[in-house]
Amino acid sequence: MLVKSRSSVFIDRLTFQVDNPQKCLLKAVLKDDTGSVCGALETEAENEQQIFSWNGLNDLPYGVYTLEVSKGTDEGKMLLVKRI
């Protein structure tokens, strides 16, 4: 699965896009540079829905994060930077 972000930098909200939209359970995990899970998001994706927003990330410290997104057995990762 291809995961894209409109920007590799986020402050308090993260918006990402997935390819091959279909109705399924979408899981996203945000990990810091040590591999610790800093947040998790589960949402029911609708048919043709490609863009997802994850709000409430303003309490995270600045740094480098990895976003891991999965739907079923399909997975994708991307590096992001949190700034203040």
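Numbers for residues simply follow the sequence, beginning at 1. Keep in mind that the numbers below use all heavy atoms, side chains included, and drop hydrogens, waters and symmetry copies.
The heavy-atom pair separating S53 from T15 by the smallest distance is OG-OG1, 3.5 Å. Taking each heavy atom of F16 and A28 in turn, the nearest pair found is CZ-CB, 4.2 Å.
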Tabulate below the donor-acceptor pairs under 3.5 Å that side-chain atoms of residues 61-68 make, not counting sequence neighbours, or state none.
residue: Y65; atom: OH; partner: P61; partner atom: O; Å: 2.6
residue: E68; atom: OE1; partner: K31; partner atom: NZ; Å: 3.4

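Residue pairs meeting the ring pair (Phe, Tyr, Trp, His ring centres under 6.0 Å) criterion with at least one member in residues 30-50, sequence neighbours excluded, do not occur.
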Report task. Take E44 and L25 through the test side chain to side chain contact (heavy atoms under 4.5 Å, CB included) and record every step on the way to the result. Result -> CA-CA 5 Å; E44 189 68 35; L25 180 64; 4.1 Å; yes

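Note that the CD atom of Q17 and the CE atom of M78 stand 10.5 Å from one another [nearest 0.5 Å]. Separation of atoms CG (L41) and CG (L26) is listed at 7.0 Å; rounding is to 0.5 Å. Taking CG from L80 and CG from L57, the interatomic distance works out to 10.0 Å, rounded to the nearest 0.5 Å. For the atom pair NZ of K82 and CG of D59, the computed distance is 8.0 Å after rounding to the nearest 0.5 Å.
When the side chains of ILVMFWY residues are joined at heavy-atom separations under 4.5 Å, either directly or via intervening members, V29 and F10 end up in two distinct hydrophobic clusters.
For N58, the side chain to side chain contact (heavy atoms under 4.5 Å, CB included) partners are D12, not counting sequence neighbours.
Looking at R83 and I11, their side chains come closer than 4.5 Å, going by heavy atoms from C-beta outward. Using a 4.5 Å heavy-atom cutoff, the side chains of V18 and D74 are not in contact.
Side chain of K23 to main chain of E46: no donor-acceptor pair is present (N/O by atom type, distance under 3.5 Å, no hydrogens or angles).
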